> 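Below is a structure I'd like to ask you about.
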Amino acid sequence: VVSFTAMLGAYAHHGHLDASMALFNTMPERNVVTWNTMLVAHGQSDDVDAAKSTFESMPEWNLVSWNAMLQAYAENGYLDAAHATFTAMPVHSIVSWNAMLGAYAHSGCLDAAIYTFTAMPCRDTISYNAMIAAYANEAHIQEARRIFNCMDERNLVTWLHGYVHIGCIEKAKGIFDDMPSRNIVAWTEMLRAYSEEGHLGAAKGIFDAMPQHNVVSWTAMLHTYASNGHINKAKTLFDQMPQRNTVSWTTLLQGYAQNGHVREAVTLFWRMPEMDVLSWTTMVTIFAHSGCGWIAVEFFRMMLLDGLKPSGVSILGVMVACKHVGLVREGCGYFLGMSDDHGLVPHEEHYSCLVEMLDRAGKSPSYGLFDEAATSKIS
RNA sequence: ACCUCAAGACAUA
């Protein structure tokens with residue numbers, strides 16, 4: 001069983017999900033680890049349903065199974081389901097807490113992340129890294145620094161992480177060079193740091209020097225090419241990648257969008273195995289600024305029909321589109337839907353876009369759709 | 001032999 005399970009995991013790691021499944025089905029004997037490996041494989045290829053049904057078919061669960069299920073939900077944006085799993089599990093390890101913390105950090109739920117971080121019975125460097133990222137994502141660099149400074153235990157990974165997030169790339173590189181052993185997370189972090197600075201050569205150097213790659217590192221490199229105008233290299237890399245997920249697809253999609261290759265973007269989009277809010281939003285924003293705002297509106301509607309919950313970014317995109325095409329009622333409706341239907345808080349961008357939209361149509365802010373509070377904010 | 005931290009969309013002139 002052990003060697004078969006190891007093979008199963010190896011197949012999954014290299015993106016051969018079909019091979020893993022075939023092996024799984026023919027295995028004479030399976031244990032919890034075998035099932036867990038399969039569960040994780042499905043989660044990582046963004047197939048939550050398959051992960052869920054694997055979980056439900058398992059003869060028994062251990063802590064790792066629960067954590068893997070929790071993570072599968074978290075990775076695919078099902079925050080509620082992730083939390084429900086967390087509450088349902090019989091015991092929690094630090095991995096469960098970290099997974100929950102990471103889920104909140106990724107979805108921008110800073111308060112929930114802080115709550116989780118303080119409620120945890122103990123914290124390791126992974127918890128600190130996640131918390132620093134949560135603050136940094138929300139542009140609370142001061143707080144990120146504060147956490148970084150108040151940590152009771154530090155190691156090199158956390159230093160690296162902290163420096164990357166506060167934008168001190170030279171210091172980060174210094175730490176990186178001093179690390180006695182670097183894991184793939186550290187390597188990828190360094191790669192992204194260079195990528196963000198536009199140091200394409202340095203990023204490629206890191207990528208080539210890495211002892212192993214996985215979807216995340218491949219995608220980080222893909223993003224480096226795509227966002228620096230090297231769309232052909234990006235495409236080549238994408239085709240070579242042994243494993244792709246929604247993030248990889250969206251990264252390439254964005255590369256096409258940024259380089260004005262609208263046709264290719266559309267074709268690629270419809271070939272995607274799964275779309276999430278970010279992939280849809282990319283399509284919305286591609287068309288939002290052009291004269292074909294109605295196409296953007298169509299994409300937005302299709303996203304809703306797909307059952308996805310729009311983000312503030314996607315709403316802004318569709319509002320910009322409405323503004324350009326003069327769909328005032330429609331645009332106001334999306335704005336109102338933010339708080340009424342989706343539990344989102346409109347930001348300044350949404351208000352100013354709304355004002356421009358009304359202004360263009362010669363309507364006053366007291367158009368009749370808004371209550372006093374909104375009207376006063378608009379004016 | 002299996003789980004958590006690292007990768008993707010966004011505004012303004």
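The figures that follow rest on heavy atoms only: side chains count, while hydrogens, waters and symmetry mates do not. Here is the naming used below: chain letters follow the sequence lines, and residue numbers restart at 1 for every chain. Values in this document were obtained by computation on a predicted structure and should not be read as measured data.
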> With a 4.0 Å heavy-atom cut-off, tell me which residues in residues 215-246 of chain A come close to RNA chain B, sorted by residue number.
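Only A/Val216, A/Thr219, A/Ala220, A/His223, A/Asn245, A/Thr246 qualify.
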
> Let me confirm one number: the CD1-CG distance from A/Ile94 to A/Asp124, rounded to the nearest 0.5 Å.
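Going from the CD1 atom of A/Ile94 to the CG atom of A/Asp124 covers 3.5 Å.
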
> Testing the basics here: between A/His289 and A/Thr285, what is the closest heavy-atom pair and its distance to 0.1 Å?
CD2-O, 3.8 Å

> Just verifying a value: how many Å separate A/Cys353 SG and A/Ile315 CD1, rounded to the nearest 0.5 Å?
11.5 Å

> CG of A/Asn98 versus C1' of B/rU4: gap in Å, rounded?
5 Å

> Is there a donor N/O on one and an acceptor N/O on the other, under 3.5 Å, for the side chain of A/Asn31 and the base of B/rA1?
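Indeed there is one.
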
> To the nearest 0.5 Å, what is the distance between NZ (A/Lys233) and CG (A/Leu222)?
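Going from NZ on A/Lys233 over to CG on A/Leu222, the span is 13.5 Å.
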
> For A/Ser311, answer base if it contacts any base atom (sugar-phosphate contacts may also be present), sugar-phosphate if it contacts only those atoms, and nothing otherwise; contact means non-hydrogen atoms under 4.0 Å.
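Result for A/Ser311 = base.
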
> Not counting sequence neighbours, which residues clear ring-ring contact (aromatic ring centres under 6.0 Å, His included) with A/His106? List them please.
none

> Taking atom C1' of B/rC2 as reference, at what distance in whole Å does atom CE of A/Met7 sit?
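Whole-Å distance recorded here is 16 Å.
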
> Expected output is a numbered-order residue list: members of residues 78-86 of chain A with a heavy atom under 4.0 Å from any atom of RNA chain B. What is it?
none

> Please check if A/Val277 and A/Phe335 belong to a single hydrophobic cluster, counting links between Ile, Leu, Val, Met, Phe, Trp and Tyr side chain heavy atoms closer than 4.5 Å.
yes

> Does A/Arg301 pair with A/Glu330 as a salt bridge, N-O distance under 4.0 Å?
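Salt bridge: yes.
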
> Under 4.0 Å from any atom of RNA chain B, heavy atoms only: list the residues of residues 37-55 of chain A that qualify, in numerical order.
A/Thr37, A/Val40

> Base, sugar-phosphate or nothing for A/Glu189? Non-hydrogen atoms, less than 4.0 Å.
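Sugar-phosphate, backbone atoms only, no base.
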
> Between P on B/rC3 and CH2 on A/Trp61, what's the gap in Å once rounded to a whole number?
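Taking atom P of B/rC3 as the reference, CH2 of A/Trp61 is at 20 Å.
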
> In whole angstroms, how far is the C1' atom of B/rA6 from the CD1 atom of A/Ile175?
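Atom-to-atom, A/Ile175 to B/rA6, this comes out as 17 Å.
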
> In whole Å, I'd like the distance from the CD1 atom of A/Ile169 to the P atom of B/rA6.
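Answer to the nearest Å: 18 Å.
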
> Are side-chain N/O atoms of A/Thr34 and A/Thr5 paired as donor and acceptor at under 3.5 Å?
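Yes, side-chain donor-acceptor contact under 3.5 Å.
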
> To the nearest 0.5 angstrom, please state how far the NE2 atom of A/His213 sits from the CG atom of A/Asp208.
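So the NE2 of A/His213 and the CG of A/Asp208 are separated by 7.0 Å.
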
> To the nearest Å, how far apart are A/Ile315 CD1 and B/rA11 C1'?
16 Å

> Mind checking the CD-CD1 spacing from A/Gln258 to A/Ile231? Nearest 0.5 Å is all I need.
8.5 Å

> Could you tell me how far apart A/His324 (NE2) and B/rA13 (P) are, to the nearest whole angstrom?
15 Å

> Do A/Thr246 and A/Asp276 pair up side chain to side chain, a donor and an acceptor below 3.5 Å, judged on atom types alone?
no

> Please tell me if A/Gln71 has a side-chain N or O lying less than 4.0 Å from either OP1 or OP2 of B/rC5.
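Answer is yes, contact under 4.0 Å.
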
> Would you jot down, in residue-number order, the residues of residues 251-272 of chain A having a non-hydrogen atom under 4.0 Å from RNA chain B?
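Output list: A/Thr251, A/Gln254.
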
> If you measure from the Lys or Arg side-chain nitrogens to the Asp or Glu carboxylate oxygens, is any gap between A/Arg192 and A/Glu196 under 4.0 Å?
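A salt bridge is present here (some side-chain N lies under 4.0 Å from a carboxylate O).
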
> Would you indicate what A/His106 reaches in the nucleic acid, counting non-hydrogen atoms under 4.0 angstrom: base, sugar-phosphate, or nothing?
sugar-phosphate

> Out of curiosity, A/Thr188 OG1 to A/Asn214 CG, how far, rounded to the nearest 0.5 Å?
6.0 Å

> Where along residues 15-23 of chain A does a heavy atom come under 4.0 Å from RNA chain B, residue by residue in number order?
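Close to the strand, none.
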
